[in-house]
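Data block below; observations after.
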Amino acid sequence: MSDYTIELPLIPLRGMSIFPYMVLHFDVGREQSIKALEEAMINDQLVFLVSQKEAEISMPSTEDFYHVGTVAKIKQMLKLPGDTIRVLVEGISRGEITSFVQEDPFFVAEVEEKFDDKVATRQGKALMKTVLDSFEEYVEKNPKVSPEILVTLHEIEEPGRLSDTVAANVPLSPKENQELLEAFDSDQRLEILYRLLLEQIEVLEIENTINTRVKKQVNKVQKEYYLREQLKAIQKELGEDEGVVEEVEEYKKKLEELQLSDSISEKIHREIDRLLKLSPGSQESGVIRNYVDWVLNLPWNEETKDKLDLKKSAEILDEDHYGLEKVKERILEYLAIRQLSQTIKGPILCLVGPPGVGKTSIAKSIARSLNRKFVRMSLGGVRDEAEIRGHRRTYVGAIPGRIITSIREGKSRNPVFLFDEIDKIAGDFRGDPASALLEVLDPEQNKDFTDHYLEVPFDLSNVMFVTTANTAHTIPRALLDRMEVIRIAGYTEEEKTRIGQNYLIPKQIKEHGLKKTNLRIGEKALRDLINYYTREAGVRNLERQIANLCRKATRRIVEEDIKSVTITPGNLSRYLGKPLFRYDMINLKNEVGIVRGLAWTSVGGDTLSVEVTLMKGSGKLVLTGQLGDVMKESARAGISYIRSISDRYNIDPTFHEKKDIHIHIPEGATPKDGPSAGLAMATAVISALIDKPVYKDVAMTGEITLRGRALAIGGVKEKVLAAKRAGITKVILPEDNRKDLDEIPENVRKTLEFVFVEDMDTVLQHALVKDEEDEN
Ligand code: ADP
């Protein structure tokens, strides 16, 4: 290797490199580079070409290009339109910059030229052969490279020249090119090249397999298309139109059989006739067929005959449901009225109650007792009118709304149709589903209910609609006005136990394919299941947990080959894991400022402890814990009342200026009826102010007015049951709630003392510990 240095103008290349022996043209546009070119032309036409590290940089500095490049001779220059020059150059030798002579207005560098040895070493010869062989393989696999190049290569004897010529014919990345340029030793260069060639071959092989695969797929698609076209032609030759004619005939026959009204019949006729004019495979004829199928398969005339036998109905309701006496009675009355006056359309039944209290199942029983089909549609989250009334046929993939869909599924035009969760219906920009529903439920209008998709009216007046809701509050007023609301409260532990024993357990045992003797769930275990594994007004989760036990029992019976499994309070957690719930029990002793309130929550009743602390201060009222705004209002009313009676109870009349009152209701169940904690909060504040404890086994609920009157509240049954469960013995209720006592099961009522109050005074008499007892 004999090297020497020369001074050369330098041109940075973007995204390309040039090897010695390689002839190549590129375009020069940058002013700096043009000046370098001009300089070269004045002298010996030699330039130094280096690659830029990043092609994007337009004004490179000395750091932005590699310092190893190629000394090249300019062979030709051609001016292109715009200030661009096309240059043809030939690579002469490698070179490395030793220093820069100038950077402006163009680069001039001191370059040390690197020349290859002309004769190959023994190792070099071997390497040359390997590279040649693999290049041959590469050419074989790459149709884009002309094999003629191989002839030239075989004639080359210098290792350096061979490697550079091969490299010039393989599409390498700028980085790989640079790696080869920087390998001044020709043997080393051949080695690198060999590795790169192997990589290229591998890439080609992968490409080839992918290509063949894609080609096969394309061929298949083409073939199918071709066959289809042929098939079409053949069908045409055979007079396939006859198929359509037959189809149309069949449709018309069916249509006649349905004996629809003239106007409907005419419209469907027209649709069917359109099939004749359309190509049978076309999208449009598909749409029409779909439509005609929908119309012809609706139960236009199919109906069940009502069996109106009140005694039988009563039996069926009892058979399916424990308790619910009032509900059953109202339903029987409702059925009786329908029986009497079939022409006068009664209101629509709306069963309101928390989840799992049997609303759906009552509706099913109604259907069963009338011998009607039962269909159900949930309105929860329905916000688009189209869900009720369907999309117009112009929509791609349109189908009728869910009412017509359900009617078709029910295969009867007079089913019992249950709208579930009517309180969850929502309206938005896509129209008002509630008003569509109103039309459906209105006996005046539902005779001609027209689904957007069907475009012909379907008579819904024979359908018996029943609705359900969790609360009546959120049902749109107009809908509520048309309905007869029947409320189903939650069940007591007692009722749940009976339902479990007599209905849910036998039902689940049967559904799991077990025999009665296989699984025994004792009453105590059932009660624990109710109290500690579920917290709900209904029995839905109870049923789920029972199903759970059935599964676990089945598994044991199969796996351990035993005959029966008995569930006891002791082994319950073995099957179901740790208890999921616990209830607050009464306090251990009478305490100052702590009162047990009663709350009505979405899952039944619960007790809630109201705690009051007084601090020196400036009359601030601080409320923390589970307190909604309504509760705060109620607390303020209580305080105002206390101020007005302060003299009677020896309360410092200026307490509201000197003391901060902190009311806390610990987290727990979320009460739904804020104001009903009014009495309890006022009692707790007074107890704290006069430093007198409150009986631990007294619980109370009721709203308070500014004058200390007790106002009626809701959810008495649930609240009383919660009090009982917590170990309370005396329950204070507003006088106006006396009437609700009927709802409470006899056995619970007997074990509790009830006090009905009209004002705070009476509450305090019963809640505050008497002086003589306090001394104890
Ligand atoms: P809802 O529609 O009110 O949410 P479901 O009708 O789905 O409640 O009732 C849940 C389950 O509880 C059903 O299997 C139902 O048969 C049962 N169930 C509810 N109430 C009673 C009852 N009083 N007697 C017997 N089973 C009941």
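Everything quoted here is computed from the prediction, not taken from an experiment. Every number for a ligand or one of its atoms is a count from 1 in the order of the listing.
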[atom] - nearest protein heavy atom and its distance:
{"atom": "atom 6 (O) of ligand 1", "value": "S361 N, 2.9 Å"}
{"atom": "atom 4 (O) of ligand 1", "value": "R540 NH2, 2.2 Å"}
{"atom": "atom 8 (O) of ligand 1", "value": "G358 N, 3.1 Å"}
{"atom": "atom 2 (O) of ligand 1", "value": "T360 OG1, 2.4 Å"}
{"atom": "atom 24 (N) of ligand 1", "value": "Y322 N, 2.9 Å"}
{"atom": "atom 26 (N) of ligand 1", "value": "I499 CG2, 3.6 Å"}
{"atom": "atom 21 (C) of ligand 1", "value": "Y491 OH, 3.6 Å"}

For ligand 1, the portion of [X] having any non-hydrogen atom under 4.0 Å away:
{"X": "L324", "result": "side chain"}
{"X": "V539", "result": "side chain"}
{"X": "E495", "result": "neither"}

Decide, yes or no, whether a salt bridge links [X] with [Y] under the criterion of side-chain N to carboxylate O below 4.0 Å.
{"X": "K326", "Y": "E743", "answer": "no"}
{"X": "R368", "Y": "D320", "answer": "yes"}
{"X": "R392", "Y": "E455", "answer": "no"}
{"X": "R738", "Y": "E735", "answer": "yes"}
{"X": "D740", "Y": "K717", "answer": "no"}
{"X": "D481", "Y": "R477", "answer": "yes"}

Six-ring centre of W300, R413 cation under 6.0 angstrom, axis tolerance 45°: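 Judged by the rule (NZ or CZ under 6.0 Å from the ring centre, within 45° of its axis), R413 is not positioned above W300.
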
Close approach, [X] and ligand 1, non-hydrogen under 4.0 angstrom:
{"X": "D320", "value": "yes"}
{"X": "G356", "value": "yes"}
{"X": "T468", "value": "no"}
{"X": "K364", "value": "no"}
{"X": "G538", "value": "no"}

Considering only heavy atoms of [X], which atoms of ligand 1 have at least one such atom less than 4.0 Å away?
{"X": "P355", "value": "4 (O)"}
{"X": "K359", "value": "1 (P), 2 (O), 3 (O), 4 (O), 6 (O), 8 (O)"}
{"X": "Y503", "value": "25 (C)"}

Run the ring pair (Phe, Tyr, Trp, His ring centres under 6.0 Å) check on F417 and F465 step by step: do they pass? CA-CA 5 Å; F417 196 126; F465 288 105; 5.5 Å; yes

Short question: side chain of N548, backbone of R544 - any donor-acceptor pair under 3.5 Å?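 Checking the backbone N and O of R544 against the side chain of N548, no donor-acceptor pair under 3.5 Å is found.
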
Any N or O of V357 that comes nearer than 3.5 Å to an N or O of ligand 1?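 Such a contact does occur with ligand 1.
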
May I ask which of E543, K328, E536 has a heavy atom nearer to atom 13 (C) of ligand 1 than the others do?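 Comparing heavy atoms across E543, K328, E536, the nearest one to atom 13 (C) of ligand 1 lies in E543.
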
Examine Y291 together with Y453 and report whether their ring centres are nearer than 6.0 Å.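 Close enough - the centres of the two rings lie under 6.0 Å apart.
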
Just verifying a value: how many Å separate E753 CD and D697 CG, rounded to the nearest 0.5 Å?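 The distance works out to 9.5 Å.
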
Can you name the nearest heavy-atom pair linking G323 to K328, along with the distance?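 Looking at all heavy atoms of both residues, the closest pair is O-NZ, 2.8 Å.
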
